[in-house]
Asks: 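This is the structure, below, for whatever I ask next.
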Amino acid sequence: MSREELEKRFQEKIDAEIKIEPKDWMPERYRRNLIRQISQHAHSEVVGMLPEGNWITRAPTLRRKVALLAKVQDEAGHGLYLYSAAETLGISREEMIEQLLSGKAKYSSIFNYPTLTWADIGAIGWLVDGAAIMNQVMLTRTSYGPYARAMVRICKEESFHQRQGYEIMLTLARGTEVQRQMAQDALNRWWWPALMMFGPSDKDSVHTAESMKWKIKRKTNDELRQQFVDVTVPQAEYLGLTIPDPDLKWNEARGHYDFGEIDWEEFWRVVKGNGPCNHLRMKARREAHEKGAWVREAALAYAEKRRQRQQQKAS
Amino acid sequence: MTQQEALFQYLLRLGDNALILGQRLSEWCGHAPVLEQDIAITNLALDLIGQARNWLTLAGEVEGKGRNEDQLAYLRDARDFHNLLLVEQPNEDWAHTIVRQFLFDQFNYLLHNELQHSTDERVAAIAAKSLKEIKYHLKYSSEWMVRLGDGTEESHNRMQRALDALWRYSSEAFLTDEIDQLMAEAGIGPDLHKLEPLYHQYVAQVLDEATLQPPTDTYMQRGGKQGLHTEFLGYILAEMQFLQRAYPNMQW
């Protein structure tokens with residue numbers, strides 16, 4: 001069968017909503033695009049453990065500590081599912097981690113911002129997980145089977161995390177004046193970075209057209225961003241907090257909120273490595289990897305010794 | 001000392017062991033040698049903090065002054081904490097973390113195995129629930145003792161160094177005082193002297209399999225149970241209690 005014929009059949013499957021599975025033929029660009037996207041997603045889960053992990057030892061009550069620990073642990077679990085999903089496309093976890101540590105692979109820029117107060121833990125759950133869910137719900141219907149199935153599991157846990165984050169914000173917003181200010185300050189700092197999570201505007205997004213054609217993505221960055229704003233504004237109102245955007249207002253004609261222009265200069269600065277925490281996040285991941293090397297080597301050596309001993313016993 | 005006062009202190013020992021070790025383990029979250037172990041060590045932390053909540057809640061009830069788990073965890077200073085010195089020692093590396101865990105788990109297992117038959121039903125219930133988790137912790141840390149002790153030359157050396165460093169904290173649990181005696185007489189807690197040989201027997205067996213040498217002639221440090229700690233505890237509390245101290249009397 002010619003390449004054209006294969007590609008035609010592939011597109012027919014996509015158009016008929018038939019999932020692509022690991023052993024099916026797929027265009028090389030589809031495979032590469034998916035590896036990029038899934039591994040980037042996996043790295044985001046793992047690097048995303050760091051800003052929230054920053055508050056585990058300082059969580060204000062034991063109930064909050066347990067909830068935060070469990071949440072960050074879930075993210076490690078999500079990282080594992082996603083690395084496994086990417087491995088079905090013919091890349092190993094070691095290679096992906098190597099790409100992360102060398103700076104070749106990206107992760108979500110949102111995790112390059114610092115968590116300065118306890119309210120940031122609420123804001124991350126509410127806004128960052130909230131934004132992630134918009135994207136991930138869409139991805140439960142993505143065309144690649146293993147990725148779609150990983151997303152179904154992840155979405156269930158993410159929506160729980162988001163409620164948890166919102167509940168932290170609600171407690172602070174209804175607490176003392178100091179706590180309310182802490183919550184407002186966190187919203188001020190996390191709002192714009194959360195909007196940036198959806199990526200460049202459609203007109204500047206290099207991957208969107210192809211991803212839409214192959215149904216890797218089903219909504220554009222700007223569509224998802226609008227959806228997020230529409231859902232989140234009433235939630236902020238309920239908290240009695242103010243979204244830091246003077247241009248934000250309901251547009252009756254469009255049936256959506258209008259909102260101000262994102263600072264794209266900041267967006268690209270952080271993507272290019274100059275956010276407040278890029279170097280610290282990478283340093284933390286590299287240190288964990290390097291300091292853990294002897295443990296991983298020892299575990300392999302021991303497994304090999306055991307195998308040899310069992311062989312000797314058997315013979 | 002009344003039995004009620006002794007029971008309160010005894011419950012703080014149980015709760016503080018779980019809390020402080022859980023706090024230490026939670027420092028690993030996001031930084032463990034491999035993702036699977038990040039999840040596993042966090043599970044241990046979650047179990048231990050869960051156990052601490054049960055013990056501290058009961059301690060507050062026994063004390064009868066209206067203190068809840070958070071007031072006990074966040075508003076006591078180091079001199080009023082009663083955990084073993086062992087559990088407050090720093091993580092250092094994966095070897096120290098595993099050795100500390102193993103030395104504690106075997107004691108904790110033997111202790112809870114007896115506490116599940118406590119004459120105090122509340123104690124028995126918490127112990128029985130915790131015991132399932134602690135059995136798994138012991139299996140986990142024992143396996144890692146062997147894997148790293150008998151792994152590579154580097155892992156072996158690191159484990160031996162960790163064992164040499166932590167061994168001096170391994171027997172504090174069995175040094176009894178008036179509180180232990182009062183609890184044993186009331187049938188609330190076990191006679192710790194009876195558990196000690198079982199502890200050493202199992203530890204020796206695992207060390208042997210791990211090709212590690214038990215240190216000899218080591219003076220056993222003590223004091224944690226009575227509130228005399230190493231310098232590490234103050235920093236653990238400074239970090240853990242920060243928000244409650246900086247913003248008193250607020251709901252979180």
Side-chain angles (χ1 to χ4, degrees), chain A residues 42 45-66 68-70 72-77 79-80 83 93 97 117-118 168 171-172 174-176 178-179 182 284-285 287-306, chain B residues 19 22-43 45-46 49-50 52-53 56-57 68-70 72-74 93-95 98 143-144 146-159 236 239-244 246-247 249-252:
Chain A
E45 295 283 356
V46 174
V47 177
M49 296 169 74
L50 298 170
E52 289 178 284
N54 184 38
W55 279 89
I56 289 171
T57 57
R58 291 178 293 168
T61 69
L62 295 182
R63 182 173 81 90
R64 293 287 187 209
K65 189 189 289 290
V66 167
L68 183 57
L69 254 177
V72 179
Q73 186 192 39
D74 281 347
E75 284 157 12
L80 273 184
Y83 282 128
R93 201 206 301 184
I97 289 173
T117 72
W118 171 251
I168 290 175
T171 306
L172 295 174
R174 299 199 172 158
T176 61
V178 177
Q179 286 174 306
M182 198 187 271
R285 285 317 310 157
E287 274 179 8
H289 192 73
E290 283 161 16
K291 286 181 182 168
W294 70 270
V295 178
R296 296 189 301 272
E297 282 160 21
L300 285 175
Y302 177 73
E304 177 58 22
K305 275 188 201 177
R306 243 178 84 146
Chain B
L19 177 61
Q23 175 79 3
R24 275 296 192 213
L25 292 177
S26 73
E27 293 170 18
W28 273 110
C29 188
H31 306 276
V34 65
L35 218 40
E36 285 82 349
Q37 298 315 315
D38 209 300
I39 293 172
I41 206 79
T42 303
N43 261 337
L46 280 167
I49 295 169
R53 295 180 68 187
L56 293 179
T57 299
N68 62 24
E69 59 180 46
D70 288 326
L72 287 170
Y74 289 90
D93 62 1
W94 193 251
I98 291 298
E143 284 172 2
W144 272 102
V146 175
R147 190 174 291 133
L148 296 178
D150 192 19
T152 59
E153 194 184 340
E154 181 179 7
S155 73
H156 176 87
N157 292 340
R158 280 177 181 265
M159 290 297 278
I236 295 175
E239 187 172 343
M240 183 174 81
Q241 299 178 338
F242 156 68
L243 274 169
Q244 291 279 0
Y247 303 94
N249 304 315
M250 296 182 197
Q251 299 299 311
W252 298 93

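Quick caveat: nothing in here was measured; it's all calculated off a predicted structure.
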Asks: Any donor and acceptor pair, going by atom type alone, linking the side chain of A:Q73 with main-chain N or O of B:I39 inside 3.5 Å?
Replies: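 It does hold such a pair.
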Asks: If you count heavy-atom pairs under 4.5 Å between each of A:K291, A:E52, A:K65 and chain B, which one has the most?
Replies: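 Of the candidates given, the most pairs with chain B belong to A:K65.
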Asks: Between B:F242, B:W94, B:W144, which residue shows the highest count of heavy-atom pairs closer than 4.5 Å to chain A?
Replies: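 Counting heavy-atom pairs under 4.5 Å, the top option is B:W94.
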Asks: Give, as side chain, backbone, both or neither, the part of B:R24 having an atom under 4.5 angstrom from any heavy atom of chain A.
Replies: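 Answer is neither: B:R24 stays 4.5 Å or more from chain A.
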Asks: Chain A: which of B:G149, B:S26, B:A73 shares the most heavy-atom pairs with it under 4.5 Å?
Replies: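 Between B:G149, B:S26, B:A73, the count favours B:S26.
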Asks: Using non-hydrogen atoms and a 4.5 Å limit, figure out which bit of B:L19 sits close to chain A: side chain, backbone, both or neither.
Replies: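 Contact with chain A is through the side chain of B:L19 alone.
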Asks: For each of B:Q241, B:E239, B:H31, tally heavy-atom pairs with chain A at distances under 4.5 Å, and name the one with the top tally.
Replies: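 Among B:Q241, B:E239, B:H31, the one with the most close pairs to chain A is B:E239.
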Asks: For the side chain of B:D38 and the backbone of B:G30, is there at least one donor-acceptor N/O pair under 3.5 Å apart?
Replies: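 Yes; at least one donor-acceptor contact below 3.5 Å.
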Asks: With a 4.5 Å cut-off on heavy-atom pairs, point out which of B:E27, B:M250, B:Q251 contacts chain A the most.
Replies: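 It is B:M250.
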Asks: What part of B:N249 is in contact with chain A, defined as an atom under 4.5 angstrom from a non-hydrogen atom: side chain, backbone, both or neither?
Replies: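 Neither part; nothing is under 4.5 Å.
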Asks: With a 4.5 angstrom heavy-atom cut-off, is it the side chain or the backbone of B:Q244 that approaches chain A, or both, or neither?
Replies: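 It is the side chain, since no backbone atom gets that close.
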Asks: Apply side chain to side chain donor-acceptor pair (under 3.5 Å) to A:R174 and list each qualifying residue two or more places apart in sequence or on a separate chain.
Replies: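 A:R174 satisfies side chain to side chain donor-acceptor pair (under 3.5 Å) with A:Y238 only.
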